Amino acid sequence: MSNGYIDKKFLVIDDFPEFRRLIRRMLESLGIKDIDEDGNGYSVIQKMKAKAYDIILCDYNLGQGKKDGQQILEEAKHRGLIRYSTIFIMLTAENTMPMVMGAVEYQPDDYLIKPITKEILMRRLEKLTKRKADLEAVEKAIRKNEYTHAIALCDELVGTNPKNILEYLRLKSELCITVGRYDEANAVFEEVLSMRDITWAKMGRGKVHFLSGEYLKAQEIFQTITEENKTYMEAYDWLAKALEELGSPEEARQALIMATEISPKAILRHQSIGRISYKIEDYDTAEEAFKSAITIGKNSCFKSPTDYTGLAKALVKKDSSEEALAVLGNARNEFKGDKEALLQTVLTEGIVFKNMNREEEAKKAVQEAAKLSEGLSGKIPVDAAMDMAKACFEMGEKEAGMKFVQNVIRNNHDDNKIVRMVRDVFRDANLEDEGENIIASTRAEILRLNNEGVGLAESGRLEEAIEYFEKALKGFPENKIINANAAQVLMMHMKKNGKDDQRLYKVSQYLDRIKKSDPSFDRYRQLLNMYEQITTSGMELKT
Amino acid sequence: MGKTEKTIDFPAFLASMAHDMKNSLSMLLNTLDEVFLTCTDKNCPSHKQLSQVQYEATRVNYNLIQLLTLYKMDHQQFSINISQYPVIELLEDTILQNKPLLDFKGIEASIECDEDLSWFLDRNLISGVINNVLNNAYRYAKAKIKIRAAEKDGFLVLSIEDDGRGYPVEILGTGEQTKKDVSFKTGSTGLGLYFASIVAMMHKNKGREGFITLGNGGEYGGGCFTITLP
């Protein structure tokens, strides 16, 4: 056990070849054989895509103007290149880096401060491999979407290994939030805070309030954290989110600007500043923020077409339409092959043309956009779809705009926040009455589908009910109620007739969609329990 | 034309220099470690001098770390990162880190700590304090250093004793006066003790905060540094 790391696949990342060689020699002297190395943030990601490394040793500072270790960690996590079992160790020459201070959202598993000795490295590897082994059962449950089970396993670990109680409680709280068990998450945070004043637990309480829609309470907590802990970057982002919900975009933006002064490289923060500035009609700041986002976002996985379309829209407002077109031309290059990005770009081009009174080209753009969107419906994120609807309405393309909105409503008919957004868009386009009709008829249709499908299930015609809801999903792919019903009838069928791997997989997909749309949906919890009863039972496989 | 305005932010300039120096030192220390792989005290006549170089470089390194940390604290760019750690692991790690130098000086370091003792602390800051105290202890200790850790009345009491000649009488006590003692003449800047007392005070819990005490005597009759954390 003590040298469980010997057969692991290692990746060493540092911009100094001598330093990489040094670490390599240390590892080799510990008996490790599989060691790759790299010094460049861009090729590192490629390497990680090609090979699933077990242990990654990454230097924080990879040279001026280059990606740093934290950005690599975030990008790798975002791209799913870091598994639960992967060990990521940050190496740093300094002890005042944000991750040493615990002030970033994505923490490495550990950090080591240079100079690093072989003995220390060996001990850390031992400890970390053991820690990962302790968590193996939890991670396995998470991989199988058995969240209830995973939470129970965390409780067990708290009992058996009190020395690491905080780590298990933190994991448990994260899991509870993932599946919308906010009260339980909050109880964990309270428990931790009764032991000690710990910032992540305070953050957690704020997040729970936010997720439960208690924005004022959330805002107060995040505010306090930024005051006590000026370098705790995550708190500024949440503070801004809460302030926006409370209808104070100017203050939200102020919080984000403060954060960028402390930590200027976070692209998502520049994107938010640009978005809010545009909303409050401060086009100069919007322009500046989107330009920063574009510069920082080069080669980053967090770059977004909205950086370019946002910039273009701000430029239009500043009567720089020619420049806006040039920006959109860059977007076409930057996101080649990405249909959704192209769609957004084309629509924004339409707006620019319209503004320049180039009606012919504007019309063409809308037609191209309509064509592009056909192959995409359902997959467009809500924010982007709403932006596109707005663009269509602005250009007088009512029908095309309606299509986008309709999709959003179909998938989110009972999400009050989204429905409110939809109503705002309709109002701005002077389509209030029509909008209300669409919302009402979509709701009625879902109710009807629901009743009919449930009727089939209740009269014992389960196969038919399954077919019915699967067909309904085609029209409402992300709708949580339809997904919940589809999952439920499949499971009722399996309870009666035995497990079926293919159907079980479908259920887990449907549950995942509910989780993404509204983890606190009360039926989700029941369905998850039902799912886990089936996966963990010794039920016969259907042959 | 008036006088040239003062444009350099001197503390920021110093901090950035310190950062750069620290990078060079890291390379230097790592290279020394490599040299020691082939240069042992038996086969290499320069071993002793190189060990001396390593000792001095390590001292400079710890000083730079403290300077940088204090700079960031002063500019509100620092947050303390309290988490729960097994104390024995922290102590063993620190001893391991200092092993080459301890061996060189022929000093035997021992730990007295309950295996199950864990505490809420900032690992990085506390190991910085211990490193620094150990590093000073090399100068004065003859053959023995002992680190003790135990819980007492809701505090973690962590002390480092040696068999040297002890601390000068003027600085015995809570180390509060250390700040005043910065003196370029004597070369004693008191930076290490100042840093330790700041770190101790940053550890707060339920209205109580940490502190340091300096004493002489103890089991080995030398200096005894204690940091107490709530």
Side-chain angles (χ1 to χ4, degrees), chain A residues 16 18-19 21-23 25-26 29 59 61 91-103 107 110-124 126-127 162-167 169-170 192 194-201 225 227-233 235 262-263, chain B residues 15 18-20 22-34 37 57-58 61 64-66 68-73 75-89 92-100 115-120 122-125 127-128 204-206 230:
Chain A
F16 283 104
E18 312 92 81
F19 197 81
R21 221 176 45 226
L22 187 93
I23 299 279
R25 256 180 306 206
M26 276 184 202
S29 73
D59 187 41
N61 191 345
L91 312 175
T92 163
E94 248 217 78
N95 60 334
T96 52
M97 287 301 162
M99 80 276 168
V100 180
M101 297 187 282
Q107 288 284 333
D110 204 353
Y111 59 84
L112 282 171
I113 294 169
K114 293 179 183 179
I116 292 148
T117 68
K118 189 176 115 183
E119 287 77 16
I120 290 287
L121 182 59
M122 185 172 81
R123 260 179 73 94
R124 290 293 165 83
E126 273 171 19
K127 253 174 55 184
K163 250 202 273 187
N164 288 327
I165 177 169
L166 274 197
E167 189 183 350
L169 287 176
R170 189 172 187 171
V192 171
S194 74
M195 287 189 259
R196 197 76 189 205
D197 197 16
I198 288 188
T199 315
W200 63 255
I225 297 172
E227 280 158 15
E228 289 170 353
N229 249 328
K230 291 228 167 354
T231 54
Y232 210 94
M233 305 319 298
I262 300 165
S263 164
Chain B
H19 182 76
D20 194 51
K22 212 185 123 19
N23 278 335
S24 297
L25 266 183
S26 281
M27 265 334 277
L28 189 145
L29 283 164
N30 273 318
T31 314
L32 268 178
D33 275 344
E34 279 195 78
L37 289 178
T58 309
N61 191 41
L64 289 175
I65 290 179
Q66 287 170 1
L68 278 170
T69 313
L70 289 171
Y71 172 81
K72 294 225 171 177
M73 286 172 181
H75 287 71
Q76 300 190 317
Q77 293 170 9
F78 193 90
S79 353
I80 189 163
N81 181 16
I82 301 272
S83 199
Q84 186 189 27
Y85 293 101
V87 178
I88 184 101
E89 278 179 20
E92 283 173 356
D93 273 4
T94 317
I95 296 277
L96 258 182
Q97 220 176 328
N98 287 278
K99 196 161 182 317
E115 287 275 340
D116 290 327
L117 179 63
S118 69
W119 207 258
F120 291 91
D122 184 312
R123 181 182 88 185
N124 170 45
L125 288 179
S127 72
K204 293 181 174 59
N205 188 30
K206 303 199 167 110

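Values reported hereafter were calculated over all heavy atoms of this structure, with side chains retained and with hydrogens, waters and symmetry mates removed. Each chain gets a letter, A, B and so on, in the order its sequence line appears, and its residues count up from 1. No experiment lies behind these values; they were computed from the predicted model shown.
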Would you say A/Ile165 and B/Gln84 make side-chain contact, with heavy atoms under 4.5 Å?
yes
Side-chain touch A/Lys127/B/Glu89, heavy atoms, less than 4.5 angstrom
yes
If you measure from [atom1] on [X] to [atom2] on [Y], what distance do you get to the nearest 0.5 Å?
| X | Y | atom1 | atom2 | value |
| --- | --- | --- | --- | --- |
| A/Gln107 | B/Ser83 | CD | OG | 9.5 Å |
| B/Asn81 | A/Trp200 | CG | CH2 | 11.5 Å |
| A/Leu112 | B/Gln97 | CG | CD | 9.0 Å |
| A/Thr199 | B/Ile80 | OG1 | CD1 | 9.5 Å |
| B/Phe120 | A/Leu166 | CZ | CG | 4.5 Å |
| A/Ile120 | B/Thr94 | CD1 | OG1 | 7.0 Å |

When only pairs under 4.5 Å are counted, which of A/Met195, A/Met26, A/Lys118 shares the most heavy-atom pairs with chain B?
A/Met195
Taking the basic N atoms (NZ, or NE/NH1/NH2) and the acidic carboxylate oxygens, is any pair closer than 4.0 Å for B/Asp93 and A/Arg123?
yes
Chain A contact via B/Lys206 - which portion, at a heavy-atom distance below 4.5 Å
side chain
Residues which pass salt bridge (Lys or Arg N to Asp or Glu O under 4.0 Å) with A/Asp110, listed by chain and number, not counting sequence neighbours
A/Arg124, B/Arg123
Sorted by chain and residue number, the side chain to side chain contact (heavy atoms under 4.5 Å, CB included) partners of A/Ile262 (sequence neighbours excluded) come out as A/Met233, A/Tyr236
